[in-house]
Amino acid sequence: MAFRRVVAVTAAACGLAGGTVLLSSVAIGKQQPQPAGKAGGDVPEPVSAPPPAASPQGLLLLPSPAASCPAAPGWLERSSNGCGYWDNNWDRREPVALINLKKKNEETGEQELSSRLHHYKAKATRHIFLIRHSQYNLDGQVDRDRTLTHLGREQAELTGKRLASLGLKFDKIVHSSMTRASETTNIISKHLPGVKKVSTDLLCEGAPIEPNPPISHWKPEAVYYEDGARIEAAFRNYIHRADVKQEEDSYEIFVCHANVIRYIVCRALQFPPEGWLRMSLNNGSITQLVIRPSGRVALRMLGDTGFMPPEKITRT
C-alpha cells in the first residue's frame, strides 16, 4: 500500500508568546479498489470530508488552537507558559520577583538567594468577601437616583446578618462609590460595628472586557477600553497575596457590582477573563476568595444567597 506523509504544524499554546510548536508526521493510507468478482463483492470507497488545503510547500497546515482564543487587550497580560498552567507570579509578589538579583553581597560577592527569598515570603492568608449590591431602582436616570428598593434594603440586612454570623474579625469594608453600593455598605456595616469603610471609584460598575460568547446587545470597543483598564486596575490593587509585613490572616469585604466581581473571579483563578459573563450573581450575594501565602487562590463561595428566603432573592 502506498503512503504519503503529511506534516501537521500546530501551536501548543493558545496563541501565546513562547508557545511550543509541535511537528507530527501522519501516515494516510491510499484506498485500493477491490477487483470485481472476489468474495465479499465490491467494497465501496469510504466517504470522507476533503482534506485541508496544502500549503505552497506541500505541508498540511492544521488549524491552530489560537484561532479560538480572542486577542488580549493592551492592559491585560497573557501568561507565556501556555493554557492550563498556573502562573506563580500572577500578582508580581512571588519572592523571586521582589529581589534585585543583580545586587551582590558586598563581602562575598554572592547573592545569598535562599535567605533573601525567605525574607520576602508572605506569612498570612487573605480572605476576600465580594458582595454584590442589593436590588436598586432601575428607573433612575443618574446614579444618585438609583437607590435601593425596599426589598434591596431587606437583602442588605440579611447579608449583613450573615457576615456577622460568621464570627470573623473583619479588617475593613471597601466599596464602590456608586449609590447602590454605598447604601448596601451602610446597611451591612450596622451589623459589623467598628469595621472601617473605604470608598473607591475603581470598583464602580462597567464593562470589563468583551465577553466570549458575545452579549446580545452591541457595545462599542471604547466602552471596554475605558472600563476594562479601570477594573483591571482594581484587580491589581486589591487582589493579591498578603504583604510580607502582614503577620495574621485578614478578612476583607468588598461591596461592588456583578461585572466587577465576575471579572475578578476569572482573573484570580486564572480563567479566561472573557468568560466573565457566563456567571450570574444574585443581589446581596457573597463570593469568597482565599489567597494563600504561596499565591495559590481558592474560590470558597460564588454568589451565595442561601441565607435569604426564596422570595427575597433577585438578580437585577
Side-chain angles (χ1 to χ4, degrees), residues 124-138 146-200 202-205 231 234-235 238-240 242 246 248-269 276 278-292 297-316:
T125 296
R126 294 184 68 205
H127 299 262
I128 295 174
F129 293 81
L130 301 162
I131 313 299
R132 189 193 175 195
H133 61 78
S134 301
Q135 186 191 67
Y136 68 102
N137 175 25
L138 294 172
R146 294 168 184 159
T147 56
L148 297 185
T149 63
H150 176 73
L151 176 56
R153 290 191 291 271
E154 290 182 321
Q155 291 170 339
E157 292 282 356
L158 292 168
T159 303
K161 291 177 181 178
R162 173 58 177 166
L163 291 170
S165 71
L166 298 177
L168 301 174
K169 182 182 178 182
F170 289 103
D171 298 86
K172 60 182 177 180
I173 304 177
V174 182
H175 64 90
S176 158
S177 58
M178 299 185 82
T179 300
R180 54 190 182 271
S182 297
E183 291 187 343
T184 301
T185 300
N186 290 335
I187 295 173
I188 288 175
S189 65
K190 293 190 304 181
H191 300 275
L192 302 170
V195 180
K196 65 178 180 179
K197 298 179 290 183
V198 180
S199 177
T200 177
L202 286 179
L203 292 173
C204 289
E205 183 65 302
I231 297 172
F235 170 78
Y238 295 118
I239 311 300
H240 52 75
Q246 182 177 326
E248 298 180 355
D249 293 355
S250 59
Y251 300 86
E252 305 157 57
I253 298 172
F254 293 84
V255 181
C256 49
H257 309 267
N259 293 355
V260 178
I261 295 173
R262 293 184 284 190
Y263 178 80
I264 285 176
V265 168
C266 287
R267 288 283 283 115
L269 298 179
W276 62 272
R278 303 172 200 174
M279 294 178 278
S280 295
L281 298 175
N282 295 332
N283 294 113
S285 62
I286 301 175
T287 297
Q288 183 186 0
L289 290 171
V290 178
I291 306 178
R292 301 293 182 188
V297 181
L299 180 65
R300 288 280 180 86
M301 289 184 285
L302 177 65
D304 177 32
T305 48
F307 52 89
M308 292 187 185
E311 66 274 12
K312 304 291 184 183
I313 296 176
T314 60
R315 195 167 57 245
T316 56

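Predicted model, so just to flag it, every value in this text is computed and none were measured.
In this structure, Asn283 and Gln155 approach most closely via the heavy-atom pair CB-OE1, 3.4 Å. Closest approach of Ile239 to Ala268, counting heavy atoms only: CG2-CB, 4.2 Å.
In this structure, CD1 in Ile188 is found 5.5 Å from OG1 in Thr159, a value given to the nearest 0.5 Å. Distance check, rounded to the nearest 0.5 Å: OH of Tyr238 to CD1 of Ile264 gives 10.0 Å. The SG atom of Cys266 sits 10.5 Å away from atom CZ of Phe235, with the distance rounded to the nearest 0.5 Å.
For Thr149, the side-chain hydrogen bond (donor to acceptor under 3.5 Å, both in side chains) partners two or more places apart in sequence, or in a different chain, are Gln135. Evaluation of the side-chain hydrogen bond (donor to acceptor under 3.5 Å, both in side chains) rule for Ser182 yields no partner, not counting sequence neighbours. With sequence neighbours excluded, the residues satisfying side-chain hydrogen bond (donor to acceptor under 3.5 Å, both in side chains) with Glu252 are Arg126, Ser250. Qualifying side-chain hydrogen bond (donor to acceptor under 3.5 Å, both in side chains) partners for Arg262, counting only residues two or more places apart in sequence or in other chains: Asn259.
Put simply, the side chain of Leu163 does not reach to within 4.5 Å of the side chain of His191, judged on heavy atoms. A heavy-atom distance below 4.5 Å is found between the side chains of Leu148 and Arg153. Considering only heavy atoms from C-beta on, Val260 stays 4.5 Å or farther from Ser176 through its side chain. With a 4.5 Å cut-off on side-chain heavy atoms, Tyr136 and Thr179 do not count as touching. His133 is not listed as a side-chain neighbour of His175, based on a closest heavy-atom distance of 4.5 Å or more.
Annotation: salt bridge (Lys or Arg N to Asp or Glu O under 4.0 Å) contacts involving residues 154-169, sequence neighbours excluded, comprise Glu154-Lys312, Glu157-Lys190.
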Which pairs of donor and acceptor atoms, one on a side chain in residues 298-308, lie under 3.5 Å apart (sequence neighbours left out)?
from, atom 1, to, atom 2, distance (Å)
Asp304, OD1, Gly306, N, 2.9
Thr305, OG1, Asn282, ND2, 2.9

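The aromatic rings of His127 and Tyr251 sit parallel to each other, their planes meeting at less than 30°, with 60° as the upper class boundary.
Within the 3.5 Å criterion, the main-chain N or O of Thr125 finds a donor-acceptor partner in the side chain of Asp249. Ser134 places a side-chain N or O within 3.5 Å of a backbone atom of Ala156 that can act as its donor or acceptor partner. With hydrogens and angles disregarded, a donor-acceptor distance shorter than 3.5 Å links the side chain of Thr200 to the backbone of Leu202. Here the side chain of Glu205 pairs no donor or acceptor atom with the backbone of His257 at under 3.5 angstrom.
Of the options Thr185, Val174, Ile261, a side-chain contact (heavy atoms from CB on, under 4.5 Å) to Val255 is made by Thr185 and by none of the others. Under the side-chain contact (heavy atoms from CB on, under 4.5 Å) rule, Ile253 has a single partner from Ile131, Asp171, Ile286, Leu168, which is Ile131.
A 6.0 Å sphere centred on CD of Glu311 holds more than 12 heavy atoms belonging to other residues, nucleotides or ligands.
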